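What follows is one structure encoded as structure tokens, with my remarks underneath.
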Amino acid sequence: MTRDSNHFAEIADFAAHEPDLRQTRHHLHANPELSFEEHQTAAFVAERLQDWGYEVTRNVGGLGVVGRLHHGSGTRSIAIRADMDALPIDEATGAPYASRSPGKMHACGHDGHTAMLLGAAEYLARTRHFDGTVNLIFQPAEEAGAGSGAQKMIADGLFERFPCDAIFGLHNHPGAPEGAFLMRSGPLMAASDTVRILIKGRGGHASRPHLTIDPIVAVANLVMSLQTIVSRNVNPTETAVITVGTIHGGTASNVIPDQAEISLSVRSFSPEVRETLERRIKALAISIAEAHGAVAEIEYEKGYPVVVNSEAETAFATDVVRELVGEDKVSLCSLIPGSEDFAYFLEHRPGCFLRLGNGENSAILHSPRYDFNDKNLTVGAALWARLAERYLAAR
Ligand code: NI
């Protein structure tokens, strides 16, 4: 039987494969592996891709796996990425397929992301209803921060070895209805930077403060002043977050310590705001320390950049999700203060990062009670299959 050449993948096309998708997801969920340790997960993915006829490359930037499938004479190529790593969390879902490794858990749904892309992989290989090249990227270590999987795969020549015209990725989204898509062109998720500020004074006896340089008072002043940056230096039409997450100093109430330290999490949605925050944080730390006779030592660690979706690819992906789930299940995504290393891919290629509702009652990401919503497995698999088919449609 030949397929209708106008038929693009629909959710119903995956109904018969739902039990397989579920089994795959539960297998991955029960066997979580932390960032840089995804040996079994990567092998599981690579073996399946190989069985289905993909040209498989392992160990791309660590444990990354790329499955490449070419069909027809088309020269266009698309990349779709799923992340594979779990988190150091003790699972508390009580699910029958709960983690078999204490202290490790798929609490961000990367098990679901991987299962959905595998579902699309099987479908695309079986139906081959596209003209061009599909690159499926299974990325390790999304949660790793500095030196994460995306950075390592790019450094290992990902885009030179597996050229693509555009790249797409997806994250599940607790709080939004299951099966519903949240889309946004332009900035979507925040840049995330970490700052450590050490204020060095001169310690002494608590009863003789005039003979010391008290770093505690300087730090207290600095914590309050940092909160003026978002309210006074950032344009009110833009947004940003500065959180002082730790404050450490001193050992006893009758001792003024030599030094005190704070650490900050800094989030922004544009390169300009990111630069303003860095400049003002450094200026306040240096000048407030100096005003107290102390000295500030600053370590400013740049984390993941802003996830910026390109306009044309977002419009295209939005068309595809509308066709797939209907207009009423597609809405505008609000800015997300979390960060994602998919941002690095988007610095190299145009593309779109989508959010798929995990259910209104879903526990939040990184919670020990979080679980990926299995009802989305066929939705996500159909999405990636249709997106690839539409992007690489014979013309
Ligand atoms: Ni995640």
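Values in this document were obtained by computation on a predicted structure and should not be read as measured data. As the structure lists them, so they are numbered: ligands from 1, and atoms in each ligand from 1.
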Can you name the residues that form a side-chain contact (heavy atoms from CB on, under 4.5 Å) with L284, not counting sequence neighbours? L222, S225, L226, T228, I229, R280, I288
Steps toward side chain to side chain donor-acceptor pair (under 3.5 Å) verdict (N221, H292): CA-CA 10 Å; N221 193 333; H292 288 264; 3.2 Å; yes
What protein N, O or S atoms come within a distance below 2.8 Å of the Ni ion (ligand 1), ordered by chain and number? C108 SG, H110 NE2, H171 NE2
Co-members of F345 in a cluster of I, L, V, M, F, W and Y side chains, linked at under 4.5 Å: V60, V66, I137, M153, I154, L158, F159, F162, I167, L188, M189, Y304, V307, I336, F342, Y344, L346, F353
Under 4.0 Å between a side-chain nitrogen and a carboxylate oxygen: does that hold for D85 and K104? no
In terms of ring plane angle, is the pair H113 and F372 parallel, tilted or perpendicular, where the classes change at 30° and 60°? perpendicular
For P163, which residues count as a side-chain contact (heavy atoms from CB on, under 4.5 Å) partner, sequence neighbours excluded? none
